[in-house]
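See structure below.
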Number of protein chains: 2
Amino acid sequence: MANHERGIETRNTLLDTSLALFSQNGYDATSVAQICQDAQVSKGAFYHHFASKQELFLALMDTWLDSVVGLFQTAGDSAETIPEALDQMAALSGGLFDALEGGFPILLEFWTQASRHPAVWEKAVAPYQRFLDYFAGMVQAGIDEGSFDPSVDPVKAARTLTSVAMGLLLQAIFEPDGAQWQAVTRSGIQLVIDGMRSKK
Amino acid sequence: MANHERGIETRNTLLDTSLALFSQNGYDATSVAQICQDAQVSKGAFYHHFASKQELFLALMDTWLDSVVGLFQTAGDSAETIPEALDQMAALSGGLFDALEGGFPILLEFWTQASRHPAVWEKAVAPYQRFLDYFAGMVQAGIDEGSFDPSVDPVKAARTLTSVAMGLLLQAIFEPDGAQWQAVTRSGIQLVIDGMRSKK
DNA sequence: TTTTAAATACCGACCGGTCGGTCTGTATTT
DNA sequence: AAATACAGACCGACCGGTCGGTATTTAAAA
């Protein structure tokens, strides 16, 4: 195997291992030594690939956010109306619970780190803002097509939509087996959709 | 001043100081030495009042949860219908943003700690479960009084209601000045309420 | 009322251990 | 020979927690 490929593999192993450890124990409680041990990699290798623990975290965030954004990319394509498209996305967002099995608590870690470290924060705002804008656009489109009531504020509605998703995510982290999260998510979003429906 | 009172004052100083520090830097990143320094208290005093750093955190959680539950205690009393009562609670929940000024990021800390340490988790489930049950009861009452559609699942709706509140709280921590959180919360809850309304 | 012993509140030097990060070297590839 | 990819001993800073000692209060005994 080429030297270069070997390096990439080591890097990915480090990324995978640290994702698992950060999810389980949190950023601070996870030591670099622990990551190296679990990944069967020396400390020298670690610092060859990442300048610091922080930087590894940032890289982890990058790849994770990309994968989540990618999952949403194709959602709602086949829907004919906006409410239908939103429902499809809710169903998919529920699917996230399965797809990213065990990789969810890391979201909490991203959040806390972002709320405290500007460098992390800046990496997180962009995709978050994109989501918000995207949803606001969908709500506006729903109003335009007559599905939603004109009195609905698209920006506030977008906040509410993301809140439901995030709030349920949080509850799911807290109580992994507390409910059928996929079904609850879908019905929750449905409730908000119904709340926006045209009151003719 | 009596010795006893002096002790209580020291304890409270420790509690206040650690609340601020945990909120700002997180549990792990806050050292006992730092807490003591900020509180102008010796380490001996610290360990006289608390058996460990963990125990201080638990005590902090106790008082914080009590104060939040207390804030909600009297909400929705003067309302005549369930939707009105819910709206009043939403307005009040929005007021939390002001009332617990700066003391919100600690919620994130409670959440992460709870998701990882059983001792913390158990302290948090009870009030959380109480909230959930309370809301489910309100939704059921709303159905009974004819305000809400019978097809609404009270338990799922309660999850959704709390999700909106929690999700917006999370967003508010992330972007303190990102929106008029009180207004957004109220309109968000209103959207869900409208979604539950009787479809006669 | 005075004496005194126990209890409470506090002090801060100190301890074993862990942490993130460095540095010197070696093996392999280019 | 230069660059890449690793190996792991090592370092100083710092961490949570301990411990022997002191000052003040309290309450019972004399």
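Values below: all heavy atoms of this structure, side chains included; hydrogens, waters and symmetry mates excluded. Being a predicted model, the structure only gives us computed values, none of them experimental.
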Separation between CG (D194(A)) and CD1 (I189(A)), nearest 0.5 Å, reads 11.5 Å

Between CD1 of I35(B) and P of dC14(D) the distance, given in whole Å, is 17 Å

Flag, side chain of W111(A) to backbone of L170(B), donor-acceptor distance under 3.5 Å
yes

Can you confirm if the NZ or CZ of K53(B) lies within 45° of the ring axis of Y47(B) and under 6.0 Å from the centre of its six-membered ring?
no

So, is T10(A) close to the dC6(D) phosphate, meaning a side-chain N or O under 4.0 Å from OP1 or OP2?
yes

Atom CZ of R6(A) and atom C1' of dA27(C) are separated, to the nearest Å, by 8 Å

note: N12(A), atom CG; dA5(D), atom P; distance rounded to Å ~ 13 Å

When you check the side-chain N and O atoms of Q54(A) and S52(A), is any donor under 3.5 Å from an acceptor? no

According to the interplanar angle, ranging from 0 to 90°, do the rings of F57(A) and F110(A) count as parallel (below 30°), tilted (30 to 60°) or perpendicular (above 60°)? perpendicular

To the nearest angstrom, the CD-P distance between Q40(B) and dC10(C) comes to 14 Å

Taken to the nearest whole Å, CZ/R11(B) to P/dT8(C) is 15 Å

When rounded to whole Å, the NE2 to P distance for the pair H49(B) and dA7(C) reads 18 Å

Atom OH of Y47(A) and atom P of dG21(C) are separated, to the nearest Å, by 4 Å

Atom CG of N25(B) and atom C1' of dC15(D) are separated, to the nearest Å, by 15 Å

Against the side chain of K53(B), the closest entry in dG16(D), dT4(D), dC19(C) is dG16(D)

Review point. Does H48(B) make a side-chain N or O approach to OP1 or OP2 of dC10(C) shorter than 4.0 Å?
Key: no

Among the nucleotides dG16(D), dG21(C), dA9(C), whichever has the atom closest to the side chain of S52(A) is dG21(C)

Check your understanding: Any donor and acceptor pair, going by atom type alone, linking the side chain of D149(B) with main-chain N or O of K199(B) inside 3.5 Å?
Key -> yes

Show the distances under 3.5 angstrom between N or O atoms of the protein and N or O atoms of nucleotides 8-11 of chain D.
from: dG8(D); atom 1: N7; to: G44(A); atom 2: N; distance (Å): 3.3
from: dG8(D); atom 1: O6; to: G44(A); atom 2: N; distance (Å): 3.2

inquiry  = For Q171(A), is there any backbone N or O sitting under 3.5 Å from a side-chain donor or acceptor partner on Y128(B)?
reply    = no

